[in-house]
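Accompanying notes for the structure given below.
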Amino acid sequence: MRAGLTARGEDPGVVDQILALDARRRQAVTERDRLRARHKEVSRQMGQALARAHQEPSASLQAEALREEARALSQRIADLEQEARRLEAEMEGLLLTVPNLPRPDVPVGPDASGNRIVRTWGEPKAFPFSPLPHWELGERLGILDMERGASLAGSRFYVLKGLGARLQRALISWFLDVHTREHGYTEVYLPYLVRSTVLVGAGVLPKFGDNLYRDAEEDLWLIPTAEVPLTSLFRDEILPPGSLPRYYVAHTPCFRREKAAAGRDVRGIKRVHQFEKVECYKFCEPSASDQELERLVADVEDLLQRLGLAYRVVLLCTGDMGFQSAKTYDLEVWAPGSGEWLEVSSCSTCADFQARRANIRYRPAEGARPEYVHTLNGSGLALPRTIAAILENYQQEDGAVAVPEPLRPYMGVARIEPAQ
RNA sequence: GGAGGGAUCGCAUAGUGGUCUAGUGCGGGCGCCUGCUAAGCGCUUGGGGGCCCAAAAGGCCCCUCACGGGUUCGAAUCCCGUUCCCUCCGCCA
């Protein structure tokens with residue numbers, strides 16, 4: 001565990017703090033339980049003494065003595081109880097700040113420079129002209145309006161119009177159709193506002209609250225990803241034998257304040273405060289999670305291949321992984337107009353990290369002890385960046401954008417023509 | 001938004017301050033009985049934590065009657081708060 005934290009660039013000293021707190025907590029609990037057992041016995045005797053008291057005068061004296069002893073015990077128990085709770089809360093608070101431990105095959109590295117490109121698919125498209133970035137294409141086609149988005153809600157908000165809005169809807173429908181009909185996922189519709197405990201379960205709180213929008217009056221938070229409510233679908237449940245793996249897919253909006261990224265990626269729709277995403281999520285047995293992650297990545301790659309978008313699969317190193325992740329693959333699509341690889345999906349296994357926080361267990365067999373499930377999540381896919389990639393990759397010399405084959409039934413057109 | 005009612009073991013229910021361990025029925029498990037099946041009989045029953053044990057098995061103890069507080073020597077039971085569910089009224093896409 002210390003090694004895992006060091007690999008992530010975290011201070012392993014927290015482990016010793018936690019262990020020390022736990023030792024003190026256990027000591028308090030043991031003593032408290034011993035006194036409680038005694039207290040129960042005394043109370044029971046007093047009940048009997050009181051029952052006899054109207055016949056034997058001596059019994060009521062006896063009851064008085066017992067009452068005194070019980071009172072003293074009760075006070076000591078309350079003190080120990082408070083001590084145990086304080087230690088437990090302190091330990092819990094520390095535990096919640098500890099990130100997930102990387103799987104053994106995750107490369108160790110300080111930041112994105114340590115990531116490893118696992119494979120690439122397709123060739124970055126060559127253009128006989130100079131390809132435009134999506135924000136210029138979008139404005140010229142009359143399907144993307146950054147200014148009106150800003151006038152409604154500020155920077156990093158945007159408006160999609162006409163075939164732009166329809167393109168987004170087509171992608172969402174097609175993603176959901178492929179995942180449900182061909183990849184075995186069950187579609188779910190989820191709350192976009194959740195309680196803080198749900199954010200804690202997913203590993204977003206307590207550490208990353210400043211990236212979230214929140215209704216303080218109701219203590220409800222806008223979800224930054226569907227992963228958050230999906231994680232807590234079975235919070236505090238024990239899934240019966242034979243119910244794993246379970247695959248879910250959900251389309252939701254995602255809300256992120258992007259405070260930490262102020263000033264970065266300000267052009268276009270690469271980084272925005274509100275965007276749509278289709279999210280794949282799996283619950284599985286621990287022994288299956290490594291294969292399930294590979295299959296999850298394959299399910300998402302399937303979409304990119306059918307869209308004809310060149311992409312690369314990047315295995316994130318320890319220094320670049322998310323807090324809750326044990327192993328993450330990013331899928332990046334080449335965007336010729338912007339001249340960069342756009343992260344359109346991030347597929348992770350959280351192993352039992354989220355399951356512990358949200359208390360999601362399963363019973364391996366009838367009568368067996370419950371164990372924590374493993375959870376996996378992956379975008380399939382994030383909409384704005386996918387739209388950007390499609391616009392930039394499918395732009396034509398005449399200014400139009402071709403519609404990728406799989407989307408034509410959903411779009412009803414084969415081309416998005418420039419606005420007149 | 002207003003007025004009520006409710007939450008007890010997997011399910012259904014009993015339980016208005018102590019009667020040692022939350023009762024009963026159903027369901028589940030194990031066993032007995034039994035040509036087969038059914039019925040019957042007996043035993044059993046979830047989760048969390050701590051201690052003993054090298055570990056496993058096992059044993060002992062504590063907690064858990066929606067959740068959190070309070071009253072009390074003692075709370076499923078009384079009081080307060082929260083959550084969720086139900087009924088009625090109002091409003092509403």
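Per chain, numbering begins at 1; letters A, B, ... match sequence-line order.
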Review point. How close or far is atom P of G18(B) from atom NE2 of H39(A), stated in whole angstroms?
Key: 16 Å
Practice item. Would you mind reading off the distance between R38(A) atom CZ and C73(B) atom C1', rounded to a whole angstrom? Key: 13 Å
Check your understanding: So which nucleotide does C41(B) pair with, by the Watson-Crick or G-U wobble rule with both distances under 3.5 Å?
Key -> G31(B)
Protein and nucleotides 65-69 of chain B: nitrogen or oxygen contacts under 3.5 angstrom:
residue: G69(B); atom: OP1; partner: R85(A); partner atom: NH1; Å: 2.1
residue: G69(B); atom: OP1; partner: R85(A); partner atom: NH2; Å: 3.3

**Study point:** Distance (rounded to the nearest 0.5 Å) between D33(A) CG and L80(A) CG
**Key:** 10.0 Å
Point to revise | Aromatic centroids of F353(A) and F323(A) separated by under 6.0 Å | key: yes
Check your understanding: Do we see a donor-acceptor contact under 3.5 Å between the side chains of Q45(A) and E41(A)?
Key -> yes
Exercise for review: Compute whether any side-chain donor of one residue and acceptor of the other, for D330(A) and S346(A), lie under 3.5 angstrom apart.
Suggested key: yes
Exercise for review: Verify, without hydrogens or angle tests, whether T318(A) (side chain) and A7(A) (backbone) share a donor-acceptor contact under 3.5 angstrom.
Suggested key: yes
Exercise for review: Nearest whole angstrom, please: distance from the C1' of C73(B) to the CD of E64(A).
Suggested key: 9 Å
Review point. Rounded to whole angstrom units, what separation is found between the CD atom of E68(A) and the C1' atom of G74(B)?
Key: 14 Å
**Study point:** Nucleotide opposite C67(B) in a Watson-Crick or G-U pair, distances under 3.5 Å
**Key:** G81(B)
Revision key, fill the gap. Separation of G18(B) atom P from L66(A) atom CG, nearest Å, is 18 Å
Check your understanding: With ring centroids as reference points, do Y281(A) and Y247(A) lie under 6.0 angstrom apart?
Key -> no
Check your understanding: In whole Å, what separates the C1' atom of G27(B) from that of C11(B)?
Key -> 7 Å
Check your understanding: CG of L35(A) versus C1' of G74(B): gap in Å, rounded?
Key -> 16 Å
**Study point:** Parallel, tilted or perpendicular, as decided by the 30° and 60° cut-offs, for the rings of H183(A) and Y185(A)
**Key:** perpendicular
Check your understanding: Which whole number of Å gives the distance between the C1' atom of C78(B) and that of U16(B)?
Key -> 9 Å
Check your understanding: Across all strands shown, which nucleotide pairs with C51(B) by Watson-Crick or G-U wobble geometry, both distances under 3.5 Å?
Key -> G59(B)
Check your understanding: Does the side chain of Q354(A) pick up a donor-acceptor pair with the side chain of T375(A) at under 3.5 Å?
Key -> yes
Check your understanding: Do other residues, nucleotides or ligands put more than 12 heavy atoms under 6.0 Å from R306(A) CZ?
Key -> yes
Short heteroatom pairs, N/O only, protein and nucleotides 82-84 of chain B, under 3.5 Å:
residue: U83(B); atom: O3'; partner: R195(A); partner atom: NH2; Å: 3.2
residue: C84(B); atom: OP1; partner: R195(A); partner atom: NH2; Å: 3.1

Study note, to complete from the structure: When rounded to whole Å, the CD to C1' distance for the pair Q75(A) and U72(B) reads 13 Å
Check your understanding: Looking only at atom C1', what distance separates U77(B) and A22(B), rounded to whole Å?
Key -> 12 Å
Practice item. Please round to the nearest 0.5 Å and tell me the distance separating atom CG of L171(A) and atom NE2 of H251(A). Key: 11.0 Å
Review point. Salt-bridged, R25(A) to E90(A), with N to O below 4.0 Å?
Key: no
Review point. When the C1' atoms of U21(B) and U37(B) are considered, how many whole Å apart are they?
Key: 38 Å
Point to revise | G28(B) to C85(B) separation - P atoms, rounded to the nearest Å | key: 31 Å
Check your understanding: Taking a pair as Watson-Crick or G-U wobble with both distances under 3.5 Å, which nucleotide is matched to U72(B)?
Key -> none
**Study point:** Polar side chain donor-acceptor pair, S348(A) to K327(A), under 3.5 angstrom
**Key:** no
Review point. Can you check whether R71(A) has a side-chain N or O nearer than 4.0 Å to OP1 or OP2 of C73(B)?
Key: yes
Point to revise | Exercise: do E187(A) and Y248(A) side chains pair donor with acceptor under 3.5 Å | key: no
Revision key, fill the gap. A correct 5'-to-3' footprint of nucleotides 48-62 of chain B, with B, S and - meaning base, sugar-phosphate only and no protein heavy atom under 4.0 Å, is SBSS---------SS
Check your understanding: Partner of G90(B) by Watson-Crick or G-U wobble geometry, both contacts under 3.5 Å, or none?
Key -> none
Check your understanding: On a whole-Å scale, what distance lies between the C1' atoms belonging to A76(B) and A14(B)?
Key -> 12 Å
**Study point:** Pair assignment for C9(B), Watson-Crick or G-U wobble, requiring both distances under 3.5 Å
**Key:** none
Check your understanding: What distance, rounded to whole Å, do you find between the two P atoms, one in G15(B) and one in G69(B)?
Key -> 28 Å
Practice item. Could you measure between the two C1' atoms, the one in G58(B) and the one in C53(B), and give it in whole Å? Key: 9 Å
Check your understanding: Does G17(B) have a Watson-Crick or wobble partner in any strand here, with both distances under 3.5 angstrom, and which is it?
Key -> none
**Study point:** Whole angstrom value for the distance that separates P of G47(B) from CD of E237(A)
**Key:** 15 Å
